[in-house]
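What you see is a predicted model, and the numbers here were worked out from it, not measured in a lab. Side chains are part of it too, since the values below use all heavy atoms of this structure and drop only hydrogens, waters and symmetry mates.
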Amino acid sequence: MERIFISRVIRVEADAVWAVLRDFNGMPAWHPAIVDSEIEDARAADSVGCIRSFHLADGGHIREQLTALSDADRHLRYIILESPMPVTGYDATIDVIPITEGNASLVVWKAEFEVPPADARATVDTVAGGVFRAGLDALAAQLE
């Protein structure tokens, strides 16, 4: 099983960061790899069980399901249902943790998944760098 853990301090208070991240359909507004996104079946974007379907700048298509969302804990969890990546059992979380000194936030994005050994290095590099790191860097640039 592969495990990825990426974190980033964003120099904005936690509620403001969480307001952006809790919108499960909002990634096109802040993530450079996402072209468009929609929630299937006209469900609310913060409704546990909703499915977002989105397209990547490279032409890929991904479907993910929101499996948990807590405003009190500033936490969400999602799974991948369909992806061009050779992953199974993909389970990810995003947490926003307040940093009281400096009124900043620690954003932690984690995932674990199975991937064939021959694809492991490239897949881990894509998720860690092209998805998580690129997304958190773009989010910080937008909010700061």
(request) Would you check if D71 and L69 make a side-chain contact, meaning some heavy-atom pair closer than 4.5 Å? (result) yes
(request) Output every pair passing side chain to side chain donor-acceptor pair (under 3.5 Å) with a member in residues 48-62, not counting sequence neighbours, ordered by first then second residue. (result) D36-H55, R52-E64, S53-H61
(request) Considering non-hydrogen atoms only, spot the tightest contact between R74 and W18 and give its length. (result) C-CZ3, 3.5 Å
(request) Could you tell me whether a side-chain N or O of S105 sits under 3.5 Å from a main-chain N or O of A14, the two making a donor and an acceptor? (result) yes
(request) Determine, step by step, whether L56 and V35 satisfy the side chain to side chain contact (heavy atoms under 4.5 Å, CB included) criterion, reporting the C-alpha distance in whole Å, the side-chain angles of both residues, the deciding distance to 0.1 Å, and the verdict. (result) CA-CA 5 Å; L56 304 169; V35 174; 5.9 Å; no
(message) Any heavy-atom pair between the side chains of D46 and D23 that's under 4.5 Å?
(response) no
(message) Quick check for you: to the nearest 0.5 Å, what is the distance between T100 atom OG1 and E13 atom CD?
(response) 12.5 Å
(message) Applying a strict under-4.5 Å side-chain criterion to I, L, V, M, F, W and Y, I'd like to know whether I34 and I6 cluster together.
(response) yes
(message) If hydrophobic clusters are built from ILVMFWY residues whose side chains come within less than 4.5 Å, do I79 and F24 share one?
(response) no
(request) Taking S70 for its side chain and D73 for its backbone only, find out whether a donor-acceptor pair lies under 3.5 Å. (result) yes
(message) What's the separation between atom CD1 in I51 and atom CD in E40, rounded to the nearest 0.5 Å?
(response) 5.0 Å
(request) For residues S37 and N25, report the shortest heavy-atom separation together with the two atoms involved. (result) OG-OD1, 2.6 Å
Show me, pair by pair, the donor-acceptor contacts under 3.5 angstrom made by side chains of residues 123-136, not counting sequence neighbours?
from, atom 1, to, atom 2, distance (Å)
T123, OG1, D119, O, 2.8
D125, OD1, R121, NH1, 2.9
T126, OG1, A122, O, 2.9
R133, NH1, S7, O, 3.3

(message) Return the CG to CD1 distance between L66 and I39, rounded to the nearest 0.5 Å.
(response) 8.0 Å
(request) I would like to know whether T93 and L76 meet side chain to side chain contact (heavy atoms under 4.5 Å, CB included); could you show each step before the answer? (result) CA-CA 6 Å; T93 61; L76 68 82; over 6 Å; no
(request) Please answer: with hydrophobic residues joined when any side-chain heavy atoms are less than 4.5 Å apart, are V108 and V9 in the same cluster? (result) yes
(request) List for me each residue that meets ring-ring contact (aromatic ring centres under 6.0 Å, His included) alongside Y90, sequence neighbours excluded, and say none if there are none. (result) F113
(request) Please check if the side chain of Q65 supplies one atom and the backbone of G49 the other of a donor-acceptor pair under 3.5 Å. (result) yes
(message) Could you work out, with salt bridge (charged side-chain N to carboxylate O under 4.0 Å, His left out) as the rule, every residue matching E112, not counting sequence neighbours?
(response) R3
Would you mind writing out the side-chain donor-acceptor pairs for residues 137-144 within the sub-3.5 Å range, not counting sequence neighbours?
from, atom 1, to, atom 2, distance (Å)
D137, OD1, R8, NH1, 2.5
E144, OE2, R11, N, 2.6

(request) Among residues two or more places apart or on two chains, list those pairs meeting salt bridge (charged side-chain N to carboxylate O under 4.0 Å, His left out) that have a residue in residues 86-95. (result) R77-D91
(request) Identify whether F54 and V20 are in the same connected component of the hydrophobic contact network (ILVMFWY, side-chain heavy atoms under 4.5 Å). (result) yes
(message) Please say yes or no: joined through hydrophobic side-chain contacts below 4.5 Å, possibly via intermediate residues, are M27 and I80 part of one cluster?
(response) yes
